[in-house]
Amino acid sequence: MSDAPAPRPTSQPGPSFPYVGLGVSAGLLGSLYLVFFHAQAEALMGEVYRIFYFHVSSAMGALLLFFGASLMSITYLAMGSISGMHGLARRADRLAWSMAEVGVVFGVIVLVTGPLWAKPAWGTFWTWEPRLTLTLLIVFLFIGYLVVRGYGGTDEIGRRISAGIAVIGGPAAYLVHIAVELWQGGNHPQVVTGKGQGLATPEMELTFGVTIACVFVFLAYLVHSRYRAHTARERLEDLFLDLSDLEVKS
Amino acid sequence: MRALISVFLTVWLSLSLATVAQAQDTPPEVQRPTSFGAGAEVKAADPNDPHSMLLECDRQLDACTRDGIGVPYLAAAYMALWTILLAFLLLVRRGQSQLEGDLAEMEARLREVEGGGSDH
């Protein structure tokens, strides 16, 4: 038996992982400070516009994750049929699953904070305008993806069906992004994307930049954490099967 | 996780139907915002000029009324945001605990198999 230490399984966190979590937490607290104490109140909406910083960051993050989950699902479906690429295909599938989970969480955040901002701004919690409707649909789509993953088991059929659902998420996420320009109706603000004229003051811009950066790092941290958990779960199930065979033989 | 997703789906569908019932056309005077501007700096009212004092009072009253309506929604939004994140992190933690439990079970079974093997 070799005396060399066993290599650390890839499903276990590195030594710096808890510190990354602390750094992410500090970043989020820092961005909260900037939102409430550094950025000025908005000229027309007053204080309520401060929902904007986390609402928009969450929306961007959720759409990126949905798009990424769609790409990874396409990768899984394409590579799954190529011999020798099954390992890579399974990794893509686990990454899609992780992205979908975190994407749904932040999609729900968008759908909750948006109406709470819309009520004082527009006088109503919800209107069936294109961007809002498409966002609701895409979140429902990925909730369906998670339900299929949860109830479909860990076999190949369950993975393929859910991957097929996630494939639709990519084009849908892009439609949400361009909905404001594609369909001219509606009152959803278009401030920092497309033809938006941006934020008026350097303080607002700094706050927005810091918030987006912190939220994106937080998203990456969560996706990485979920990916590790799914990898560990799959390895554990494989090992249980091997152990059952070993118990039968012994 | 499955039960939570099912509950969430049910609650969200119910809320969506309730929102449909209350959804109304946006007042035509609401324009699509394309920029967020900071509140203009207001010169301090001249205490010797009653007119500017009244204007300042009106301005502050408008701002208070506007923020009095908006700030509770701001608070609700941030509370909802952190509640959702906390709930997700707790779910993740619970999944991790289950994983650790399964790992401990597998280690125990492996020790049994190894112990039984060495007896032969």
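All figures in this text were calculated on a predicted structure; none of them were measured in a lab. Sequence lines set the chain letters: A, B, ... in the order given, protein chains first and strands last, and positions in each chain run from 1.
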Would you indicate whether the side-chain heavy atoms of [Y] and [X] approach each other to under 4.5 Å?
X         : Y         : result
Asp102(B) : Arg233(A) : yes
Leu85(B)  : Ile109(A) : yes
Val108(A) : Phe88(B)  : no

Response to the item:
Tested for ring pair (Phe, Tyr, Trp, His ring centres under 6.0 Å) against Tyr78(B), the lone hit among Tyr53(A), Phe52(A), Phe54(A) is Phe54(A)
Rounded distance [0.5 Å steps], [atom1] in [X] versus [atom2] in [Y]:
X         : Y         : atom1 : atom2 : result
Leu243(A) : Met106(B) : CG    : CE    : 6.5 Å
Phe240(A) : Glu105(B) : CZ    : CD    : 4.5 Å
Ile84(B)  : Thr113(A) : CD1   : OG1   : 8.0 Å
Ser225(A) : Leu89(B)  : OG    : CG    : 8.5 Å

Item to complete: Taking Tyr73(B) for its side chain and Ala121(A) for its backbone only, find out whether a donor-acceptor pair lies under 3.5 Å.
Response: no
Practice prompt. Could you tell me which of Phe106(A), Phe218(A), Phe36(A) has the largest number of non-hydrogen atom pairs under 4.5 Å with chain B?
Written response: Phe36(A)
Worksheet item: Which one, Val102(A), Leu246(A), Leu32(A), leads in non-hydrogen pairs under 4.5 Å with chain B?
Response: Leu32(A)
Worksheet item: With only heavy atoms counted, which part of Leu239(A) is less than 4.5 Å from chain B, the side chain, the backbone, both or neither?
Response: both
Fill in: Heavy-atom pair of closest approach, residues Glu47(A) and Leu74(B)
O-CD2, 3.6 Å
Worksheet item: Val48(A) and Gly70(B): which non-hydrogen atoms are nearest, and at how many Å?
Response: CG2-O, 3.4 Å
Fill in: Worked check of side chain to side chain contact (heavy atoms under 4.5 Å, CB included) between Leu81(B) and Val112(A)
CA-CA 8 Å; Leu81(B) 187 155; Val112(A) 169; over 6 Å; no
